Amino acid sequence: MVAHWSLLELASIKAADDEIRCWHGNLEKLPHSWGTYDAVFLGHSPAMAFSASTLFESVISRCRTGARVVINQSRGNDFLAPYRELYPHILLRDLPELEELQSMINNLPLDFISFQSDSSAYLVALEVNESPSETPKEVNYEDIGDFPLYASAKVVTGFGRGSKQMGVPTANLDPEELPKEVRELPKGVYFGWVQVRGEGLDAGVHKMVMNIGNRPTFADSDATTVEVHILHDYEGDFYGKDAAIVVLGFIRPEMKFSSLDALVTRIGEDIKKARSSLEEEVLKSYQTDRFFRM
Ligand code: ADP
Ligand code: RBF
Ligand code: MG
């Protein structure tokens, strides 16, 4: 498996061997379902916009216990010095020298194996001593879902309470039509983009918040429902139409509220969170995803 920022780089890897799985972009977004690794090689990227400790956390969560993490810059740390003067806005980071690296891994489940930094090479080997991915836990809400999740399903009738009592209409999606990955997400509130498809309907792709669960605040039924509140004013109802969704993130677990007011207030906060998250460039780009042009 190769993760890289450059599509050109990935294309040439694919051209050489199409069996190699390629991931374009941020390692943090790499789905955990892609696997647990025995060894990770980090080619040094001096243009990296985030810190090495952030990167380590992301790597560790994808490694088994005992896995090796190798950082390599075959020309050594000094080699970058002239470039850093030329491009101070691009070359953001040095490779950490021993002391800095030690403090970085201090609070992480990483052991030192070897360290070399001189004019001929920079080469560090670390070992993951306790992988969090193997630590059993109930639901790890920090690490939910392999987003993006794509799905579409028919809008069915719910309990007729959403809009009337709360001012938050929710398009209930037919659970039978939803893929397992969506239906079986941990109960909670998610966000993403949605498009309602049907003749004469606004075909825009809009922001949405989605609740999956059994609404513990109410005593209606135990059935798990998947409901989408769309941040857009539609002219009327659209029961029976298809809603296409892309789920991009998790907001919070489903909770039992002591009053309707408390729930509505909280939903207001969920909406705020979804609105701002979906303005982030990477998440915004899904609004024009090919999925919505079908
Ligand atoms: P139900 O209990 O049947 O789901 P709701 O009171 O939750 O009823 O209303 C949901 C219905 O309202 C949706 O199925 C849809 O047809 C309509 N609707 C109109 N605008 C929206 C919106 N912005 N978001 C979600 N549903 C909406
Ligand atoms: N119901 C709950 O009982 N607890 C929740 O935490 C909860 N969170 C929700 C968050 C959002 C964004 C939305 C749209 C709904 C949520 N609901 C929650 C579901 C709500 O109870 C349901 O939409 C109405 O009861 C209508 O069926
Ligand atoms: Mg509803």
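Owing to the predicted nature of the structure, the values given are computational and were not obtained by experimental measurement. Each ligand, and each atom within it, is numbered from 1 in the order the structure gives. Hydrogens, waters and symmetry mates play no part in the numbers below; they use all other heavy atoms, side chains included.
Near Thr217, meaning under 4.0 Å from one of its heavy atoms, ligand 2 places the atoms 2 (C), 3 (O), 4 (N). Listed by atom number, the atoms of ligand 1 under 4.0 Å from Asn172 heavy atoms are 4 (O). Of all the atoms in ligand 1, the ones that sit under 4.0 Å from a non-hydrogen atom of Val228 are 25 (C). Heavy-atom contacts of Phe159 reach the following atoms of ligand 1: 2 (O) (cutoff under 4.0 Å). Listed by atom number, the atoms of ligand 1 under 4.0 Å from Val155 heavy atoms are 14 (O). Annotation for ligand 1: atoms under 4.0 Å from non-hydrogen atoms of Tyr239 are 1 (P), 3 (O), 8 (O), 9 (O), 10 (C), 11 (C), 14 (O), 16 (O). Listed by number with element, the atoms of ligand 1 under 4.0 angstrom from any heavy atom of Ala171 are 13 (C), 14 (O), 25 (C), 26 (N). Less than 4.0 angstrom separates some heavy atom of Met255 from each of these atoms of ligand 2: 2 (C), 3 (O), 4 (N), 5 (C), 6 (O). Heavy-atom contacts of Gly236 reach the following atoms of ligand 1: 19 (C) (cutoff under 4.0 Å). Those atoms of ligand 1 that come under 4.0 Å of a heavy atom in His232, given as number and element, are 23 (N). The distance from ligand 2 to the heavy atoms of Val209 drops below 4.0 Å at these ligand atoms: 12 (C). The ligand atoms of ligand 2 that sit less than 4.0 angstrom from a heavy atom of Glu227 are 19 (C), 22 (C), 23 (O), 26 (C), 27 (O).
Side-chain contact check for Lys14 versus Ile20: every heavy-atom pair is 4.5 Å or farther apart. A heavy-atom distance below 4.5 Å is found between the side chains of Ile267 and Ile271.
Residue contacts with ligand 1: Gly158 is placed with a nitrogen or oxygen under 3.5 Å of a nitrogen or oxygen of the ligand (distance criterion only). Ligand 1 has an N or O atom lying under 3.5 Å from an N or O atom of Ile230, backbone or side chain. Checked against a 3.5 angstrom limit, the closest N/O atoms of Lys256 and ligand 2 fall outside it. Checked by distance only, ligand 2 and Pro216 come closer than 3.5 Å through their nitrogen or oxygen atoms.
One side chain, Asp118 or Ser120, offers a donor N or O that lies under 3.5 Å from an acceptor on the other. Inspection of the Ser74 and Asn72 side chains reveals no N or O donor paired with an N or O acceptor under 3.5 Å.
The only option from His232, Glu279, Gln287 that meets the side chain to side chain donor-acceptor pair (under 3.5 Å) definition with Lys207 turns out to be Glu279.
Between Leu231 and ligand 1 there is no heavy-atom distance shorter than 4.0 Å.
Counting heavy atoms closer than 4.0 Å to ligand 2, residue Leu263 contributes side-chain atoms (C-beta onward) but none from N, CA, C or O. Only side-chain heavy atoms of Arg252 come within less than 4.0 Å of ligand 2; its backbone N, CA, C and O stay farther off.
A donor-acceptor pair under 3.5 Å is absent between the side-chain atoms of Arg68 and the main chain of Ile113, judged by distance alone. No donor-acceptor pair closer than 3.5 Å links the side chain of Arg197 to the backbone N or O of Asp242. The main-chain N or O of Phe257 is found under 3.5 Å from a side-chain atom of Thr217 such that the two form a donor-acceptor pair. Judged by distance alone, with hydrogens and angles left aside, the side-chain atoms of Arg183 form no donor-acceptor pair with the main-chain N or O of Ile212 at under 3.5 Å. At distances below 3.5 Å, at least one donor-acceptor pair connects side-chain atoms of His24 with backbone N or O atoms of Trp5. With hydrogens and angles disregarded, no donor-acceptor distance shorter than 3.5 Å links the side chain of Ser277 to the backbone of Ala274.
Residues passing the side chain to side chain contact (heavy atoms under 4.5 Å, CB included) test with Pro179, sequence neighbours excluded: Ala151, Glu181, Val182.
Rounding to the nearest 0.5 angstrom, the gap separating the CE atom in Met208 from the NE2 atom in His229 is 11.5 Å.
Closest to atom 7 (O) of ligand 1 by heavy atom, among Thr157, Asp233, Asp237, Thr170, is Thr170. Of the options Arg215, Arg266, Met210, the smallest heavy-atom separation from atom 1 (N) of ligand 2 is shown by Arg215.
One of the N, O or S atoms belonging to Thr170 lies under 2.8 Å away from the Mg ion (ligand 3). For Asn172, the nearest N, O or S atom to the Mg ion (ligand 3) falls under 2.8 Å.
The aromatic rings of Tyr286 and Tyr150 are tilted relative to each other, their planes meeting at an angle between 30° and 60°.
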